Number of protein chains: 2
Amino acid sequence: MPSPRVKRKTAYHHGDLRRALINAALRLVNESGASAVTLREVARMVGVSHQAPYRHFADRAALLAAVAEEGLRALHTELSQAARNEPDVLSALRACGVTYVLFAVAHPAHFRVMNSAEASASDDPDLQAASDAVFTLLTQTIAEARVGAEGEAATLEYALAAWSVVHGLASLLVEGQLQRRPYAKKSPRELANMALDTLRRGLLTRA
Amino acid sequence: MPSPRVKRKTAYHHGDLRRALINAALRLVNESGASAVTLREVARMVGVSHQAPYRHFADRAALLAAVAEEGLRALHTELSQAARNEPDVLSALRACGVTYVLFAVAHPAHFRVMNSAEASASDDPDLQAASDAVFTLLTQTIAEARVGAEGEAATLEYALAAWSVVHGLASLLVEGQLQRRPYAKKSPRELANMALDTLRRGLLTRA
DNA sequence: GCGCAATGTTGCCCTCGTCTACTTGGGAGG
DNA sequence: CCTCCCAAGTAGACGAGGGCAACATTGCGC
């Protein structure tokens, strides 16, 4: 006997169609990219009519926003775990950066959806909350890594540079821009460490 | 009387349909984003049938690849001009970085097309050449800015970090990820200078 | 001049997003 | 326990886009 929160699946009245649709969309994104996420296909996968999704999502963009939100939550989880497993704040910061890049490489299509303008342009408050959580985690980690140094302004400056590096590297990897370049031989993890080393040390500092 | 290279526009045989189609696509991208670039709409704008474009582009992706190529060429031009106008190699490097970001902000949809995987996945040799030109320009500028320092490996390390920062910042701006953040008050130029300062100085160097 | 290949055209099919109108069934109020 | 109502699902239609196939036109090479 199912718990009261889990409604029975009857022919009509799926029970938790919204969840099922998001899961189907997730699978499609990972397997075939964002353009494969089609309201009709998602409905087909779940076994409902082509109009059923509209009871739960205003349009295709709303479904993709839900997918993006899910991705941001997963990223947040991975980032905080990565930080937690490190002994000191500095290595925690580095771990966050590496994890960000590896997450993108592991889920390229998902990463793309998360950062698409359609997603952030949407005013879905849940999505914004998920995005804010990741940003806050980043700035806090930066702030902790620089205990007692400069003020908040400097923290924001550092956060911008750090976010830009990892996001840029992630994007370049995901979009295959490093494929036919000298970097192709190195693993994403190595590349992330390389870029973070340079960022930490400074570009024009002679060794 | 038109020059021999410019063929007459007859009812049939447009003259330079390929060029016209690319221009139309360019306008659509800038005005309404990549999703607005539709083979049919482009054909309509140029005044040919909905199938005419297929004589010049294998499919929609090929048209977008041509658009991307055009963008990369424009970027290359702007970057080399920016570098040329600077007195010394160091400020040239900085100017390149800032120009990269400003280009992206000035042509967001175009920038997105240039970096989309569909584009770089395409094995169009012209597109690859355009992309390589930009990459080469970047690494050369880096190499010159560090005259007589370390070897090629170090140059590549620095190039990766530099490219990642400017590309990441450009992406974040273009996708609106900085919109609801403390950075929203600053101009793209200021942000680019901020990030490049941090990169140059190093993340954990106390002032 | 003539014929052929490049370039355009018309028509068709399929899929997709989304609108409107209809159906079902489970739970709240009597 | 019955009933009625509204949320959830269904059915069909429309217009638009991508892409195939078959046909039309031209102008260049011979």
Side-chain angles (χ1 to χ4, degrees), chain A residues 1-25 28-29 31-67 113 116 118-119 121-122, chain B residues 1-25 28-29 31-67 113 116 118-119 121-122:
Chain A
M1 54 204 74
S3 92
R5 210 83 203 103
V6 177
K7 300 173 186 174
R8 275 192 322 280
K9 262 197 208 176
T10 69
Y12 256 79
H13 294 358
H14 179 282
D16 199 356
L17 184 53
R18 185 188 156 88
R19 189 67 251 161
L21 292 170
I22 293 179
N23 288 339
L28 278 179
V29 162
E31 290 169 11
S32 324
S35 65
V37 176
T38 213
L39 287 176
R40 290 174 113 105
E41 178 60 25
V42 160
R44 229 172 275 134
M45 289 169 73
V46 171
V48 294
S49 79
H50 64 150
Q51 273 297 334
Y54 283 92
R55 293 289 161 194
H56 302 274
F57 300 98
D59 52 17
R60 196 185 110 102
L63 174 58
L64 285 177
V67 169
V113 172
S116 70
E118 302 115 40
S122 127
Chain B
M1 53 203 73
S3 90
R5 210 81 205 103
V6 177
K7 301 172 186 175
R8 276 192 322 280
K9 261 198 208 177
T10 69
Y12 256 82
H13 292 1
H14 179 282
D16 198 355
L17 184 53
R18 185 187 155 87
R19 187 67 248 163
L21 292 170
I22 293 180
N23 287 339
L28 277 179
V29 162
E31 290 169 9
S32 324
S35 65
V37 176
T38 211
L39 287 176
R40 291 174 113 103
E41 178 61 24
V42 161
R44 227 172 277 133
M45 289 170 73
V46 172
V48 294
S49 79
H50 64 150
Q51 274 296 334
Y54 283 92
R55 293 291 166 196
H56 302 274
F57 300 99
D59 53 15
R60 196 185 110 102
L63 175 57
L64 285 177
V67 169
V113 172
S116 70
E118 303 114 41
S122 127

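In what follows, chains are A, B, ... by sequence order, proteins preceding strands, each numbered from 1. Computation of the quantities below employed the complete heavy-atom set of this structure, encompassing side-chain atoms and omitting hydrogens, waters and symmetry-equivalent molecules. In this text, all values refer to a predicted model and were calculated from it rather than measured experimentally.
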Would A:H56 and A:L17 count as a side chain to side chain contact (heavy atoms under 4.5 Å, CB included) if you check the C-alpha gap in whole Å, the side-chain angles of each, and the deciding distance to 0.1 Å?
-> CA-CA 8 Å; A:H56 302 274; A:L17 184 53; 3.7 Å; yes

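- Residues B:R44 and A:L17 both approach DNA chain D. Their nearest nucleotides, taken by heavy-atom distance, put A:L17 toward the 5′ side.
- One can place CZ of A:R40 at 13 Å from P of D:dA11, the figure rounded to the nearest angstrom.
- Nearest nucleotide to the side chain of B:H50, out of D:dG9, C:dT10, D:dA13: C:dT10.
- The separation between B:D16 atom CG and C:dT7 atom C1' is 13 Å, rounded to whole Å.
- Contact annotation: A:T38 reaches the phosphate of C:dG17 (side-chain N/O to OP1 or OP2, under 4.0 Å).
- Here the nucleotide nearest the side chain of B:S49, chosen from C:dT18, D:dG18, C:dG8, is C:dG8.
- For the pair B:L28 and B:E41, the minimum side-chain heavy-atom distance is below 4.5 Å.
- The distance from atom CG of A:L39 to atom P of D:dT10 is 14 Å, rounded to the nearest whole Å.
- Across all non-hydrogen atoms, the minimal contact from B:I22 to B:A66 is CD1-CB, 3.8 Å.
- Here D:dG18 is the nucleotide among D:dG18, D:dG9, C:dT9 with the atom lying nearest to any side-chain atom of B:Y54.
- The A:R55 side chain lies nearest to D:dG9 when the options are D:dG9, C:dG17, D:dG19.
- Counting only heavy atoms from C-beta outward, the side chains of A:V42 and A:L63 approach each other to under 4.5 Å.
- Distance, A:E41 CD to C:dC14 C1': 14 Å, rounded to whole Å.
- Residue A:R19 contributes atom CZ, which lies 17 Å from atom P of D:dA8 at whole-angstrom precision.
- Rounded to a whole Å, the CZ atom of B:F57 is 11 Å from the P atom of C:dG8.
- Here the P atom of nucleotide C:dT7 and the NE2 atom of B:H56 are 6 Å apart, to the nearest Å.
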